[in-house]
Each structure stands twice: as structure tokens, then as C-alpha cells.
Asker: 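I have a structure here, written as C-alpha cells, and I will follow up with some questions on it.
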2 protein chains.
Amino acid sequence: MTDATEGSAPRRTRIQQEKRELILEAALEVFSTNGFRGSTIDQIAEAAGMSKPNLLYYFRRKEDIHETLMERLLATWLAPLRELDDIGDPLTELRSYIRRKLEMARDFPRESRLFANEILQGAPRIMPLLAGELKTLVDEKANVIKGWMRAGKIARTDPWHLIFSIWATTQHYADFDVQVRAVLGPDRGGDGRFEDAARFLEQLFIDGLKPKG
Amino acid sequence: MTDATEGSAPRRTRIQQEKRELILEAALEVFSTNGFRGSTIDQIAEAAGMSKPNLLYYFRRKEDIHETLMERLLATWLAPLRELDDIGDPLTELRSYIRRKLEMARDFPRESRLFANEILQGAPRIMPLLAGELKTLVDEKANVIKGWMRAGKIARTDPWHLIFSIWATTQHYADFDVQVRAVLGPDRGGDGRFEDAARFLEQLFIDGLKPKG
DNA sequence: CAAATTTTTGACCGATTGGACAAACGTTAG
DNA sequence: CTAACGTTTGTCCAATCGGTCAAAAATTTG
């Protein structure tokens, strides 16, 4: 994907490519734990192992780093939803989607928190994207789900809120990780918590809480 | 609840009580939308309609405002979970809990976002509370839920993750409100979205997605 | 009333912030 | 070697930050 903010792809040397990656990696770490305003260029520069003016040689403004980060994030973030399609068994498809989202929460918690930070503060930088690209994608998948309901493959319910609930429950394990670990305690809060969560979510979304029989 | 940070309850004049409330109300608005570091004393002072030194006459440090806000928040925030008890039908109890939490997301979105901001950034100020008071409460309620499972009143599953999923799905409508409204669009994103969410969540938690029959 | 106390404010301070800039350094091409 | 170009850094700046302070204004008390 080309940089949306520049008309033509800027030519970059090998060093520029590498250093920009280094900065973005460091900035992801810093932004995701301190928020945009809570992070300083010095922090990012130090995490990237370079001086502040050197960092500003690769990204002219603090906002440019954040913007680049958000653009990359959104592409990978919505990939699981894009994969949800009509072929295959509906319940299996949804199960896979839930599993993929939970894996992303486990493997990319910093990206999840970066996104959560942005939304929490009113999404000032990505509002058009939410109402545009994201809404279009969700509407499209909601229609797929509606088709499954009409065909009697899954229970009739609100597809949009279904998608919200999948987002909420899976991202919770990234965004609220400290709380989850604190409540589960040292015994159950270890690495196994994601498998426990996967089992629980599968049961919740498929069967609910009503006892069988 | 008495102020945990001061040994004895400080005596306050009528003006002090009123102005402190005014400041806390303004600070809730500012902190919940900008985070702690993203908020300035000037912003809060302006929102409260007073000068910065005047504000600092009532709260000596920025952190004191945030601390007072968090203490109040936590008490009311956990009230719905405290109400969950053994008397009454289990499924009805859980339904009520979900409804109460969703109502809190609707009526106190700023408190929800303030809390989310704190957790997102690693809960630096309330970590002991999470591992202490909160964990104790959740463990206790998890045992209640376990009892229901043993009695065959609800399906067997992980009570802790059940509670997490209720938190996640309900608070999502406060914390990710902009995204929810953007995706639902002007038609369905209006005031009715909370009733739609309530209907959906009830169905999800009780019956899941598997088609009937 | 007057004295004592509480409340409010303008001016100010040191620290931190995002960012500019020119000079120094390193690398590559002719 | 040298000129050109890409990279790095020390220094600096204006704005903003949290917070202080003394004095003025308002209020309460006797």
C-alpha cells in the first residue's frame, strides 16, 4: 500500500528503510503504552537508539509517525474480517473469525492498544476511515451473515452487534490485559489464559449459557 | 467511603464542597477524553470556570484530582457485580447483571472511558486494587456462578471469562462509542442502539448462535 | 463596624515539550 | 583525492507544562 499522504511514492535508500522501520517499531511500543500525547519524541528516539534530531530526519513531525503507524495497523487489523466469506459452514466460519481475532489480541497486543487509544479519544485522526472504509466492510459482512440467518444456518440476531461483540470480547484480552491477569491471579493468569478464553468464547458464541436439555 | 489517602476526614466549608464537585465534574470530562497525561490543569480549570491557581487551591496536584476521581469511580463501578447474588433464578440474575452494566455504559460513558484509559496504560495507579479488592470480589462471584453450574442451572463454562465477556461487551458501547456510531451509521446509530445491543446481548448470552431445533 | 479567615487572581518560575538549524561526520561516485 | 550527497548530532528556541507566591478581593466572625 502506498503512502496515502504523499502523491508519489518517495524514493528511499536502504538505510532510510531500515531506520524508518526501527522508529516505527519503537513508536509502536511507546505510543501503545502512553497514548499519543503521553509519548515524547525523546522516548521514541531513545527506544529506537538514536538522537531526537536524527529521528526527526526520518519523520519530520511526531504526528507523521503516528499516522504511518495507524495506516499500517488498519490494513492488518481488518484482515480477519475480510477473510470472513460465504464459502464454508457458517458456524465454522464464525468460529474461525473469533479464533483469528483472539490470536491477534495475543500476538499483537500493542497494535490493539494503539487502536483502542485512538478510538477512546474520539478517533480524531481516523474518523473518516471508520465511517467510510470500515462501515462499508462491516455492512458487507453483515449482509453475508444475514444470508446465513435467512438460510437457517445460524440463529437470527443483529449481525452488526454480533460483530461488535466479537471485537469486544477478543480485544479485551489485549486492551485490558493487566486487569485480566490481575483478576486471574498468578496461577491462571499465565500463558494458558488465551486457550481458556478461546474455549470459553467458542462455547459462548455457539451455545450460550442455557443448560442443555 | 472515607478518603483513603487522608487519615481523618478533612473539614470543608460549603464553598469548598461545591467547588471541589465542580472541579471533579470538569476533570471527568477532560480526563476521560484526553487521558491523564493528555489533559492539562488549564483545560480542567477552564471547563470548571475558574483560574488555574484557584483550582490548585482546592486540589494541590493534578494527580490528586485524578486519584479522587478514580476512588469514586471504582465504588460505583463495581456495584452491579456486588448485587449479583445467589437468590433468584441464575439466568435471570445474569440477565439483570448484563442489563445493569449496559445501562452504566449508556449513562456513565465518561466514567467507563476514564477507567479504560487507566487500564490501557497499565493501571499504574490502581494496580493494587485490581489484584486485591477486585480479584477478591470476582473470585467470590465466580464461586456463586460455579454453584449454579453444579446445580445444572446454567451451562458449565469458565466463570471468570464469563465475567470478562460481560464487561467487554457492555463497556464496548461506552469505550468504543464513536466506532459503534460510525459503523451503524446515522440511521441505526441513534439512541436506539442501546436497546438493540440489549436485545442482542441477551440472546447471545442465553442461547448463543446455534440455530434452534 | 473591624479583624480574621477564606477565596481568587496575576505574575512568575523551572522543567519539559516539539521542532529548527547549521555544522560535523560518513559514504559514495568520478 | 575530491566533490557531492546522505546521515548524525549539539545547540538552541518558543510554547506549554505543573506548580508557587504574594497580594488583592470576598467572606465570615466577633
Side-chain angles (χ1 to χ4, degrees), chain A residues 5-6 9-70 114 117-118 121 124-125, chain B residues 5-6 9-70 114 117-118 121 124-125:
Chain A
T5 62
E6 306 184 17
R11 245 157 248 198
R12 297 201 175 105
T13 68
R14 179 185 51 84
I15 288 186
Q16 276 171 345
Q17 298 245 11
E18 288 174 3
K19 297 279 170 142
R20 281 175 65 94
E21 287 306 316
L22 206 69
I23 292 168
L24 288 172
E25 158 66 24
L28 175 60
E29 184 71 29
V30 176
F31 279 144
S32 67
T33 56
N34 300 104
F36 180 76
R37 281 214 54 186
S39 306
T40 71
I41 300 184
D42 288 279
Q43 278 179 310
I44 301 172
E46 194 194 334
M50 63 181 71
S51 65
K52 181 168 68 170
N54 196 9
L55 182 147
L56 286 167
Y57 170 71
Y58 293 104
F59 290 90
R60 293 166 69 179
R61 298 180 310 139
K62 182 184 172 186
E63 267 205 289
D64 291 348
I65 310 175
H66 191 265
E67 198 177 305
T68 307
L69 229 36
M70 289 300 294
L114 181 67
N117 253 310
E118 177 72 12
Q121 317 214 337
R125 293 167 243 272
Chain B
T5 61
E6 306 185 18
R11 244 158 249 197
R12 296 200 175 106
T13 68
R14 179 185 51 84
I15 289 186
Q16 277 172 344
Q17 298 247 10
E18 288 174 4
K19 296 280 167 143
R20 281 174 66 94
E21 288 306 317
L22 206 70
I23 292 168
L24 289 172
E25 159 66 24
L28 175 60
E29 184 71 28
V30 175
F31 279 144
S32 67
T33 56
N34 300 103
F36 180 76
R37 281 213 55 184
S39 305
T40 71
I41 300 183
D42 288 280
Q43 279 179 309
I44 301 172
E46 194 195 333
M50 62 181 71
S51 66
K52 181 169 67 170
N54 196 11
L55 182 148
L56 287 166
Y57 171 72
Y58 294 104
F59 290 91
R60 292 165 69 179
R61 298 180 310 138
K62 181 184 173 185
E63 267 204 291
D64 291 347
I65 311 176
H66 191 265
E67 198 178 306
T68 307
L69 229 35
M70 290 298 296
L114 180 68
N117 254 309
E118 178 70 11
Q121 318 215 337
R125 293 167 242 274

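These numbers come from a predicted model, not from an experiment. Naming convention: chains lettered A, B, ... in sequence-line order (proteins, then strands); numbering from 1 in each chain.
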Asker: Answer with base, sugar-phosphate or nothing: what part of the nucleic acid does B:Lys52 contact at a heavy-atom distance below 4.0 Å?
Answerer: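 Counting heavy atoms under 4.0 Å across all strands, the contact made by B:Lys52 includes a base.
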Asker: Can you check the B:Leu56 CG to C:dT8 P distance for me, whole Å?
Answerer: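 Those two atoms, CG and P, are 13 Å apart.
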Asker: Is the phosphate of D:dT7 approached by A:Asn54 (side-chain N or O, under 4.0 Å from OP1 or OP2)?
Answerer: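 Indeed not, no polar side-chain atom of A:Asn54 lies that close.
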Asker: Report the distance from atom CZ of A:Arg37 to atom C1' of D:dA15, rounded to the nearest whole Å.
Answerer: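 About 12 Å, once rounded to whole Å.
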Asker: How long is the line joining CD1 of B:Ile23 and C1' of C:dT7, in whole Å?
Answerer: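 Rounded to the whole Å, the gap is 12 Å.
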Asker: If we only count heavy atoms from C-beta on, is the A:Gln43 to A:Asn34 side-chain gap below 4.5 Å?
Answerer: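 The answer is yes; the side chains approach within 4.5 Å.
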Asker: Can a salt bridge be assigned to the pair A:Arg125 and A:Glu118 using a cut-off of 4.0 Å between side-chain N and carboxylate O?
Answerer: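 Looking at A:Glu118 together with A:Arg125, the answer is yes, because their closest N to O distance falls below 4.0 Å.
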Asker: What nucleotide, of C:dG18, D:dG18, C:dT7, holds the atom closest to the side chain of B:Thr40?
Answerer: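 Given the options C:dG18, D:dG18, C:dT7, the side chain of B:Thr40 is closest to D:dG18.
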Asker: State, yes or no, whether a side-chain contact exists between A:Asn117 and B:Gln121 at a heavy-atom distance under 4.5 Å.
Answerer: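 When only atoms from C-beta onward are counted, B:Gln121 and A:Asn117 do touch, with a gap below 4.5 Å.
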Asker: Restricting to side-chain contact (heavy atoms from CB on, under 4.5 Å), what partner residues turn up for B:Leu56, sequence neighbours left out?
Answerer: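 Here the qualifying residues are B:Ile41, B:Lys52.
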Asker: Using heavy-atom distances to pick each residue's nearest nucleotide on DNA chain C, tell me which of A:Gln43 and A:Arg60 is more 5'.
Answerer: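 Comparing both residues, the 5'-ward one is A:Gln43.
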Asker: B:Tyr57 has an atom OH; how far is it from atom P of C:dT7, in whole Å?
Answerer: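 It works out to 4 Å between those atoms.
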Asker: Please state how far atom CD in B:Gln16 lies from atom C1' in D:dA26, giving the value in whole angstrom units.
Answerer: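 After rounding, the gap between these two atoms is 14 Å.
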Asker: Taking any heavy-atom pair under 4.0 Å as a contact, classify B:Phe59: base, sugar-phosphate, or nothing.
Answerer: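 No contact.
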Asker: How close or far is atom P of D:dT27 from atom CD of B:Glu18, stated in whole angstroms?
Answerer: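 Checked: the CD to P distance equals 13 Å.
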Asker: Determine, step by step, whether A:Lys19 and A:Phe59 satisfy the side-chain contact (heavy atoms from CB on, under 4.5 Å) criterion, reporting the C-alpha distance in whole Å, the side-chain angles of both residues, the deciding distance to 0.1 Å, and the verdict.
Answerer: CA-CA 10 Å; A:Lys19 297 279 170 142; A:Phe59 290 90; over 6 Å; no
Asker: If you check every side-chain atom of B:Lys62, which of D:dT8, D:dG19, C:dT9 has the closest atom?
Answerer: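 Nucleotide nearest to B:Lys62's side chain: D:dG19.
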Asker: Please report, rounded to the nearest Å, how far the C1' atom of C:dT7 is from the CZ atom of B:Arg20.
Answerer: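 So the two atoms are 15 Å apart, to the nearest Å.
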Asker: Checking all strands, does B:Ile41 fall into the base, sugar-phosphate, or nothing category for heavy-atom contacts under 4.0 angstrom?
Answerer: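 B:Ile41: backbone/sugar contact only, no base atoms under 4.0 Å.
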Asker: To the nearest Å, how far apart are A:Asp42 CG and D:dG10 P?
Answerer: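 Answer to the nearest Å: 12 Å.
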